[in-house]
Amino acid sequence: MAMEGKAVGRLAMVSMHLMPPQRSGVQQVPAYSSSSSSSLKVNKRESKYEKVHGDVSSESVSWRLCTPCDNGPPFTDIIYEKANGEGIAKITINRPARRNAFRPQTLKEMTQALNDARDDIKIGVIILTGKGNDAFCSGGDQSLRGPDGYADKDSFGRLNVLDVQVAGYAVGGGHVLHMVCDLTIAANNAVFGQTGPKVGSFDAGYGCTAMSRLVGPKRAREMWFLCRFYSAEEAMEMGLVNIVVPLENLEQETIKWCREILRNSPTAIRICKAALNAVDDGHAGIHELGGDATLLYYGSEEANEGKNAFLQRRRPDFSKFPRLP
Ligand code: S0N
C-alpha cells in the first residue's frame, strides 16, 4: 500500500508537470483539461516545478517600429516591430482593406523582416499576425493574379510563398501560412479553411502535405475537396491550433507563450524544432539538424583539437576523447 501511495504521488507530480500554468481569462479547451490530475486531488501549488518556474507575466509589451535593415524604402505591406527588452519580434500583414491578402511585395517585405529577426541574436520568437480583427490573412491577392502567378510592380508573376496569432479569417494561402508556423494562437472569432478549388487555385506543396500531417489525411481531403470554413473550436479539435482565446486576450496570450518559450534553453528549442521538422523536410531537414550538430561540435574541445592541429601543422591527438556508447 505504501508503494502504491508513493506511485500515486509520483503520478500526480508528473501530471502536474504536464499541465500548463493557469491561463487567466482564457477559454478552457478540452486539450488542456487533464482529468487524471484533477481526480488525484493534488494542490497544483505544491509542485516544485511550479514554484521554480512560476507564472508568466501578462504585462503588455512595449513595441518599437523597425525599418528595413538595408535602409531601403519603408515597408508598405507589413508592420515590423520588436519588443523593448524582450526577445520577441512581430510581423503584421498590413493590408486590412483586402483582408490582409498578400502580394509579391508583401512576401518580399516578410522575407526581409524574417531574415532580420533570424540574424538578431536577441530574438527568440517571431509573431506573425494580420492588421485588424477581420482577418489574419486571406491568401494570395486575387486582383493581382495573372497567368504566371501573382504580379505587382515587378510585372512578372511568382508563386513562392513563405514561418501566429490569428484573428478573423485565415483562408487560402493565409491558412497555409498559419499551418507552417510552429504554433497557432487563435482568437475565438478565427475562421480557417482552404478556398483554392473554388477560386481556381491550389497549394499542392505544404498546403497539402503539412495539413495532412496536422489533421490527418481524411480531414485534409475534406478541407481541400469541400472548401468548407471551420470555427476556432473546430480547428482546435482537429489539432490545427494550440489554443483558442477571447479576441481581446489574443496578443496578451500570445506574448505569454512567447515569454514561456524564451525562458527555456535556446539550444534545446533549436534542436527540438529542427528534429520536429526533419522527418517531413527530408534531406533538407536532416541538413538543418546536421548544421545544429556541427554548431555544437565546433564548440567542443575535440573539434578544436582538429582545427588547432591543422593550424599548428601537427598531427591531431584525439586519444583523450572517449568513444562513448
Ligand atoms: C476572406 C473572406 C472569407 C472574407 O469575407 P468578408 O469578410 O465577407 O469580406 P469580403 O467583402 O469578401 O472582402 C473585403 C475586401 O477584401 C477583398 N479581398 C478579400 N480577400 C481577398 C483576396 N484574397 N484577394 C484580393 N482581395 C481580397 C475583397 O475583394 C473586398 O474588397 P472590396 O471591399 O474592394 O470589395 C473573403 O474575402 C474571401 O473568400 N476571400 C478570398 C479568399 C481566397 O480565395 N483566397 C485565395 C486562395 N488562394 C491563394 O491564397 C493562393 C495562394 C496559394 O494558395 C498558393 C500557394 C502555393 C502555390 C500556389 C498557390 C496558388 O494557388 O496560386
Side-chain angles (χ1 to χ4, degrees), residues 76-79 91-111 114 128-181 184 186-215 217 219-235 238 240-241 244 247 250 277 280-282 284:
T76 56
D77 287 18
I78 65 164
I79 302 166
I91 300 169
T92 307
I93 303 173
N94 188 22
R95 304 191 75 223
R98 297 223 177 259
R99 294 291 186 268
N100 296 319
F102 54 74
R103 55 180 178 165
Q105 179 65 22
T106 323
L107 300 183
K108 221 178 285 176
E109 293 182 8
M110 280 169 69
T111 306
L114 285 167
L128 181 57
T129 188
K131 178 84 173 167
N133 292 334
D134 293 326
F136 159 60
C137 174
S138 63
D141 188 327
Q142 298 306 293
S143 67
L144 297 174
R145 193 172 128 188
D148 54 354
Y150 297 87
D152 50 15
K153 290 178 210 144
D154 287 330
S155 79
F156 58 87
R158 56 186 81 217
L159 285 172
N160 298 354
V161 187
L162 284 166
D163 199 355
V164 196
Q165 169 175 308
V166 177
Y169 289 99
V171 300
H175 189 253
V176 178
L177 265 185
H178 108 83
M179 286 195 299
V180 298
C181 286
T184 299
N188 51 6
N189 77 335
V191 176
F192 299 86
Q194 295 301 153
T195 57
K198 282 201 191 298
V199 300
S201 80
F202 55 82
D203 177 1
Y206 289 117
C208 286
T209 58
M211 185 196 286
S212 184
R213 284 279 195 201
L214 277 172
V215 302
R219 276 288 196 170
R221 285 178 174 86
E222 176 187 318
M223 289 192 84
W224 274 107
F225 295 177
L226 279 66
C227 293
R228 287 181 182 168
F229 283 174
Y230 300 86
S231 69
E233 281 73 24
E234 287 170 318
M238 276 193 259
L240 263 178
V241 306
V244 181
L247 177 60
L250 183 61
N277 290 335
D280 292 334
D281 288 353

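Excluded from the calculations below are hydrogen atoms, water molecules and symmetry mates; all remaining heavy atoms, backbone and side chain alike, are included. One-based numbering, in listed order, for ligands and for the atoms of each.
- Thr209 meets the side-chain contact (heavy atoms from CB on, under 4.5 Å) test with Tyr206; sequence neighbours excluded.
- For Ala190, the side-chain contact (heavy atoms from CB on, under 4.5 Å) test picks out Val166, Ala186, Phe192, Ala232, with sequence neighbours left out.
- Heavy-atom contacts of Ala97 reach the following atoms of ligand 1: 15 (C), 16 (O) (cutoff under 4.0 Å).
- Under a 4.0 Å criterion applied to the non-hydrogen atoms of Gly172, ligand 1 contributes the atoms 47 (C), 50 (O).
- Between Gln142 and ligand 1, at least one N/O pair is under 3.5 Å apart.
- In the vicinity of Gly140, heavy-atom distances shorter than 4.0 Å reach the ligand 1 atoms 22 (C), 23 (N), 24 (N), 46 (C), 49 (C), 50 (O), 51 (C).
- At a 4.0 Å heavy-atom cut-off, ligand 1 touches Ser201 through backbone and side chain alike.
- Within ligand 1, counting atoms from 1 as listed, the ones closer than 4.0 Å to a heavy atom of Val199 are 44 (O).
- For atom 3 (C) of ligand 1, the candidate residues are Tyr206, Phe202, Tyr169; the nearest heavy-atom contact is made by Tyr169.
- The CG atom of Leu214 sits 13.0 Å away from atom CZ of Arg219, with the distance rounded to the nearest 0.5 Å.
- For the pair Ser231 (side chain) and Glu234 (backbone), a donor-acceptor distance under 3.5 Å is present.
- Between Pro197 and Phe225, the closest side-chain pair of non-hydrogen atoms is not below 4.5 Å.
- Of the possible donor and acceptor atoms, one in the side chain of Arg95 sits under 3.5 Å from a partner among the backbone N and O of Ala101.
- If you take CD on Gln194 and SG on Cys208, they are separated by 7.5 Å, rounding to the nearest 0.5 Å.
- In this structure, the side chains of Phe102 and Met110 stay at 4.5 Å or more apart for every pair of heavy atoms.
- Atoms of ligand 1 lying under 4.0 Å from at least one heavy atom of Phe229, given by number and element, are 3 (C).
- Residue-ligand proximity: Asp134 is placed with every non-hydrogen atom at 4.0 Å or more from ligand 1.
- A side chain to side chain contact (heavy atoms under 4.5 Å, CB included) with Cys137 holds for exactly one of Leu128, Leu177, Val171; it is Leu177.
- In this comparison of Arg98, Arg103, Arg95, the heavy atom closest to atom 26 (N) of ligand 1 sits on Arg98.
- Heavy-atom contacts of Gly173 reach the following atoms of ligand 1: 49 (C), 50 (O), 54 (O) (cutoff under 4.0 Å).
- Those atoms of ligand 1 that come under 4.0 Å of a heavy atom in Gly139, given as number and element, are 50 (O).
- By the criterion of a heavy-atom distance under 4.0 Å, neither the backbone nor the side chain of Ala204 is placed next to ligand 1.
- Looking at ligand 1, you won't find any N or O of Asp203 less than 3.5 Å from one of its N or O atoms.
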